[in-house]
Amino acid sequence: MVVVSLIMRLIAGAALMILVAGLAFLFEGVDRVVHARMQRRIGPPVFQPFLDLLKLLGKENIVPRRAVPWAFNGAPWVAAATMLLLFLYIPMGSLPPILGGEGDMILIIYLLGLSGVAMAVGGFASGNPIANVGAQREMILMMSYELPLAVVVSTLAYVAYKTGMPGEPFSLETFAGMSVWGVVGKVGFLGILCLFLALVLVVPGETGKGPMDIPEAKTEILEGLIIEYSGTNLAMFKITFALRATAMAAVIVSIFFPWSLGSFLGFGSVFLYALDFLWFWVKVFVVQIIFVTFMRTAFGRFKIWQASEFYLIKVAGLSIAGMILASIGLVI
């Protein structure tokens, strides 16, 4: 039975990874179209990201003479693999995560960080000074938004523990099963709202889009840390970029918008799981359009020192304010 269960999990995990990668590229295509229409342009076809990926997979990998080959070639695969692995810990609608357990939220932060580090390592290993600048920016940006991200996660876990929400405090399944908005008072509600806004503001930094498109910055450092990449390696980085936006949207939906459409409509059994699974991805799509597409269209790119100051002072301050308000809401 154990072997059969393990095989079933492997099959389910592989199928989920393929589905998630396809949806991430579909969202990427819609993002391009909506971004273009907001700028009064026609934009590329929705399926253009798929065509770009297929083209890259058929091209040759070119390794610069000054590169460190094992790190240069390995970084894109590590970055993409960690992002795909992350989705195995996210509950989707009424379906529990395939690898769910204790400490999922901590592991998700680790996987997000590992993906960013792998991208930076690839830039450093390329031997290109422009890629070196992009990798440095990636590391600075990552160190800047990790503080508010950690404050948000730890505060939510504390709220889950103190209010007796069923499940392990650091598990996303806990928040997917019960809305965190309804377990605190009015002051606590303001605290949760601050935490939500802080996590939303982390999204551009984590995805590297819009105002935080600093490590790649086409008009400044010519794609930055991926400037030397081509072929399959570049395809892996394209997959990583698409998955990072989808992953952050999925985490936000799991924590702050877990409401079940199937239960509301009175469905049960298989229909409940199928409808909630589809509803989950609709919510992810809406979150991406609002907090990724809109933000990258409406705001210009920050300088790296502005981005660091923004996250370490403003967003971190907002998350700490949320932590204080949420804590006060639990005792009054």
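What you see below is based on every heavy atom in this structure, not just the backbone, and it leaves out hydrogens, waters and symmetry mates.
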Nearest heavy-atom pair of [X] and [Y]: which atoms, and what distance?
X: Ser254; Y: Pro91; answer: OG-O, 3.5 Å
X: Ala79; Y: Met119; answer: CB-CG, 4.1 Å
X: Met83; Y: Ala247; answer: CE-CB, 3.7 Å
X: Leu84; Y: Ala21; answer: CD2-CB, 4.5 Å

Discussion item. Under the criterion side-chain contact (heavy atoms from CB on, under 4.5 Å), I'd like the reasoning laid out for Thr240 against Ser115: C-alpha separation, chi angles, the key distance, then a yes or no.
Written reply: CA-CA 8 Å; Thr240 302; Ser115 177; 3.5 Å; yes
Practice prompt. Dump the intermediate steps for side-chain contact (heavy atoms from CB on, under 4.5 Å) on Phe256 and Leu199, then the final yes or no.
Written response: CA-CA 10 Å; Phe256 295 103; Leu199 187 58; 3.6 Å; yes
Single-linkage hydrophobic cluster, 4.5 Å side-chain cutoff, [X] and [Y] together:
X: Met248; Y: Met143; result: no
X: Ile290; Y: Val284; result: yes
X: Ile130; Y: Val68; result: no
X: Phe277; Y: Phe257; result: yes
X: Tyr89; Y: Ile18; result: no

Practice prompt. Would you check if Glu28 and Gln48 make a side-chain contact, meaning some heavy-atom pair closer than 4.5 Å?
Written response: no
Practice prompt. State, with a plain yes or no, whether a side-chain heavy atom of Phe237 is found less than 4.5 Å away from one of Asn233.
Written response: no
Worksheet item: Any salt bridge (Lys or Arg N to Asp or Glu O under 4.0 Å) pairs touching residues 75-90, not counting sequence neighbours?
Response: none
Worksheet item: Does any pair with a residue in residues 45-55 pass salt bridge (Lys or Arg N to Asp or Glu O under 4.0 Å), and if so which ones, sequence neighbours excluded?
Response: Arg32-Asp52
Can you list everything that forms a side chain to side chain contact (heavy atoms under 4.5 Å, CB included) with [X]? Sequence neighbours excluded, please.
X: Ala321; answer: none
X: Ala150; answer: none
X: Val30; answer: Val34, Val46, Phe285, Ile289

Discussion item. Does anything in residues 63-86 form a ring pair (Phe, Tyr, Trp, His ring centres under 6.0 Å)? List the pairs, not counting sequence neighbours.
Written reply: Phe72-Tyr229
Discussion item. Test: ring pair (Phe, Tyr, Trp, His ring centres under 6.0 Å). Region: residues 6-25. Which pairs qualify, not counting sequence neighbours?
Written reply: Phe25-Phe50
Discussion item. Please determine whether the number of non-hydrogen atoms from other residues, nucleotides or ligands lying under 6.0 Å from atom CG of Leu54 exceeds 12.
Written reply: yes
With sequence neighbours left out, write down each residue that passes side-chain hydrogen bond (donor to acceptor under 3.5 Å, both in side chains) with [X], or none if nothing qualifies.
X: Arg66; answer: none
X: Gln136; answer: Asn132
X: Thr246; answer: Gln288

Worksheet item: For the atom pair CG (Leu51) and CG (Leu56), what is the distance rounded to the nearest 0.5 Å?
Response: 11.0 Å
Worksheet item: In Å, rounded to the nearest 0.5 Å, how long is the span from OG1 of Thr232 to NZ of Lys59?
Response: 11.5 Å
Item to complete: Determine, stepwise, if the pair Leu112 / Tyr145 fulfils side-chain contact (heavy atoms from CB on, under 4.5 Å).
Response: CA-CA 11 Å; Leu112 288 169; Tyr145 64 69; over 6 Å; no
Item to complete: Would you please test Leu19 and Phe87 for side-chain contact (heavy atoms from CB on, under 4.5 Å) and show each step?
Response: CA-CA 11 Å; Leu19 175 64; Phe87 285 92; over 6 Å; no
Run the side-chain donor-acceptor check on residues 187-195: report pairs under 3.5 Å with partners two or more places apart or on a different chain.
none

Scan the side chains in residues 308-315 for donor-acceptor partners under 3.5 Å anywhere in the protein, sequence neighbours excluded, and list what turns up.
residue	atom	partner	partner atom	Å
Ser308	OG	Ser144	OG	3.1
Tyr311	OH	Leu201	O	2.7
Tyr311	OH	Gly205	N	3.0

